[in-house]
Amino acid sequence: MLFLGLMAVLIGLLYLGLPMFAALFLLPIGVLLAVEGGLPALGEMVVGKLDGYLLVAIPLFMLMAHVMVRGRVVDDLYGAAFAMFRRVRGGVGIATVLACTIFAAISGSSVATALTVGKIAIPQMLRYGMSRRGAFGVVAGGGTLGILIPPSAPMVLYAYVTETSVGALFLAGLLPGLMMAAMFAGYVMITEGRARVPAGDPPPEAILPVMARAGWSLTLPVFVLGGIYMGVFTATEAAGTGTLYALFIAAVIYRTLTWRDLIAGMQEATRTSSMLLLIIAGAAIYGYMLTKLGVPQKLTAEIAALGLDRTGFLIAMMVLLFLLGLVLESFSIILLTMPAILPAMAVLGIDKVWYGVLLTLSLEMALISPPVAMNLVVIKAITGAPLAEVNRSILPYMIMLAIGTGLLIAFPEIALWLPRQAGYAG
Amino acid sequence: MKILAGAVAWLSRIAGAVGSVATVTCLVLIGWSVVARYVFGAPQGWIDKVAGWLVVMLVLLAAPEAQRRFEHIGVDIAVARIGPAWARAARILGALSVCAVAAILVFAGLEAVAFSRMVGLMTDIEGVPEWWIQAILPVGAAVLFLVAAVQALVLAMGGTPDYLPTGNEELPRDTLARGE
């Protein structure tokens, strides 16, 4: 109860207009002064929290995403997917799911995926006769894959907070991500079979040249994940070399990245990282407060008193995460919940890598859950469609994500098989 | 007021630019450490440590510029829906809360520096004292304080600070920072 009470106060502060990092500093400082009558060595705590080798991966992954988004590689990706599936039943929708899947691996952002793929894919899908609801839904739903399919910034943060292997987490997200992509593609094939190549449509570009062009961007996730999987790079080195490789692709191969883009991308990546990492510093003080108040122990005792088993606990957490996702963004949810529930997870024998993937799936559902769903806001912005219409388009994808979460709870191996092949011992 | 706001904006941009240079340096160093290990067979252990310091630098020096652009993560959607007068009040409260945090960090940073100097704390890299790294905290926090204070002042006087969100933005400002 204390945990939920503190979270309610924090959310209240956010709704009063406080930035997340300020609320995360001020709440624990106020509580600690009231309860303890003093504060820990804040300066050492903040600098010590930020000075971590794994955290170096965050600005570098952010920079990689900015480079690839600004490099406009999505045009070729979508072109290749479209050329492959153009004549298949529901092919234009399947191509969109495929483009979302690949761009997710490149950008690590769900909203960036929905935005960049949606701009190209939605007009094409509508031209091919897909229903508006179907076209909006597939982009909003497909976009959610951004934070599940590695590399994924929320997973790096989760790994940092829970002291889990980033490589294992990335590998664990891969099969569930592909499973969700297959479910989305199957749904489009069944429900949007009437989409046809319009009469008089110009002959499609030959598949091979367009595939060859898109191939370069396809190699980026292979390079990053392959490097980690084979033990060539640490996660931080994979982020660094991946960014250099992304720069090579966008600037030398595609020639779509200008100096202006590059400088703007670097400035944005720096500010983005600053915002996120400042929240991490605040969360360290929040975590210190939780420990001082004995919140993790109390929460573990309350769960034991409720008689929740592993599955019951996971379902309760998925519901809580989904609800938090309606009012908070992904990074804050990870930072606010994990310090409190880690001991309970250990008692219940819940694997941290498995839980990380489940958590990401819950965050994905929140990303497309009205009233404040970022992916839906993006669809509204790029199509001008009423939000009510966009909201209605997403229900099947929420159900599929819920099914995917249920499957993953029932069969943890969907997430854990691949990391175990790479030597993960959890 | 305009001169003060301009001077603080200039300071914030300079700090932000130094933060961006830290990001680029980080990228170059990490790239070099891989090349040094695999091509020259000479692992560069010091790079791991220095990259961590560069992260401290980029976070604390870019934070004022993110504040100047009203980009720090919050529940923007709530502020956008409460009407202009209440939204202004919420923005003032937000800026004042940042001032409070920044002031606390300035003092905490100065305290940390003084303590490290007093006991002669050194980092793992020879010749580099701990306080060199800790000194970034009060510097960045002081610029952050100035930026937020000017924003609060301009808003309280009925003015419009640079980059103030109008509430009509169709897309969220920075979704990558939200992990979305």
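Within every chain, numbering begins at 1; the chains are lettered A, B, ... in the order of the sequence lines, protein sequences first and strands thereafter.
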| remark: Heaviest contributor of heavy-atom pairs below 4.5 Å to chain A, chosen from B/A108, B/A141, B/A89, is B/A108
| Among B/S33, B/A112, B/A51, which has the most heavy-atom pairs under 4.5 Å with chain A? | B/A112
| message | Within the structure provided, determine whether B/V55 and A/Y53 are in side-chain contact (heavy-atom separation under 4.5 Å). | response | no
| message | To check you understand the geometry: which heavy-atom pair defines the closest contact between A/L16 and B/L93, and what is its length? | response | O-CD2, 3.6 Å
| said: Looking at chain B, which one of A/G43, A/G282, A/A23, A/A114 has the largest number of heavy-atom pairs inside 4.5 Å, strictly under? | reply: A/G43
| note | Rounded to the nearest 0.5 angstrom, the OG-CD distance for A/S274 and B/E71 is 10.0 Å
| Heavy-atom count around A/M365 CE within 6.0 Å, excluding the residue itself: above 12? | yes
| field | A/Y288, OH: over 12 other non-hydrogen atoms inside 6.0 angstrom | value | yes
| task | Sort out for me which of B/G109, B/G31, B/A63 touches chain A most, counting heavy-atom pairs under 4.5 Å. | result | B/A63
| For B/I47, is it the side chain, the backbone, both or neither that has a heavy atom under 4.5 Å from a heavy atom of chain A? | neither
| Is it the backbone or the side chain of A/I333 that comes under 4.5 Å from a heavy atom of chain B, or both, or neither? | neither
| said: I want to check something: taking the side chain as every heavy atom from C-beta on, are B/W53 and A/D51 in contact at a cut-off of under 4.5 Å? | reply: yes
| message | Please determine whether the number of non-hydrogen atoms from other residues, nucleotides or ligands lying under 6.0 Å from atom CE of B/M1 exceeds 12. | response | yes
| task | Can you tell which part of A/L247 gets under 4.5 Å to a heavy atom of chain B, answering side chain, backbone, both or neither? | result | side chain
| said: Using only non-hydrogen atoms and a strict under-4.5 angstrom cutoff, which residues of residues 35-46 of chain B touch chain A? | reply: B/R37, B/Y38
| said: Could you measure the distance from the CG atom of B/L58 to the CG atom of A/L50? Nearest 0.5 Å is fine. | reply: 9.0 Å
| Validation row: B/T23, A/M266 side chains within 4.5 angstrom (heavy atoms) | no
| Within-4.5 Å side-chain heavy-atom neighbours: A/F25 and B/I104 | no
| field | Ionic contact status for A/R271 with B/E65, cut-off 4.0 Å | value | no
| remark: Taken to the nearest 0.5 Å, the spacing of A/T241 OG1 from B/I30 CD1 works out to 9.5 Å
| task | Please report the C-alpha distance between B/S97 and A/L26 in whole Å, then the side-chain angles of each, then the deciding distance to 0.1 Å, and finally whether the side chain to side chain contact (heavy atoms under 4.5 Å, CB included) criterion is met. | result | CA-CA 8 Å; B/S97 71; A/L26 292 178; 3.8 Å; yes
| note | chain B shares the most heavy-atom pairs under 4.5 Å, among A/V232, A/I263, A/L278, with A/V232
| field | Non-hydrogen side-chain atoms of B/L61 and A/T270 separated by less than 4.5 Å | value | no
| said: Is there a side-chain contact between B/C26 and A/V56 in this structure, where contact means two heavy atoms from C-beta onward sitting under 4.5 Å apart? | reply: yes
| Do the non-hydrogen side-chain atoms of B/F107 and A/L42 ever get within less than 4.5 Å of each other? | no
| task | Go through the steps for B/I73 and A/F21 under the test side chain to side chain contact (heavy atoms under 4.5 Å, CB included), then give the verdict. | result | CA-CA 8 Å; B/I73 300 163; A/F21 84 90; over 6 Å; no
| said: Within the structure provided, determine whether A/E44 and B/E111 are in side-chain contact (heavy-atom separation under 4.5 Å). | reply: no
| message | Less than 4.5 Å to any heavy atom of chain A: does that hold for the side chain of B/L105, its backbone, both, or neither? | response | side chain
| query | chain B: which of A/L244, A/I29, A/L63, A/T144 shares the most heavy-atom pairs with it under 4.5 Å? | reply | A/L244
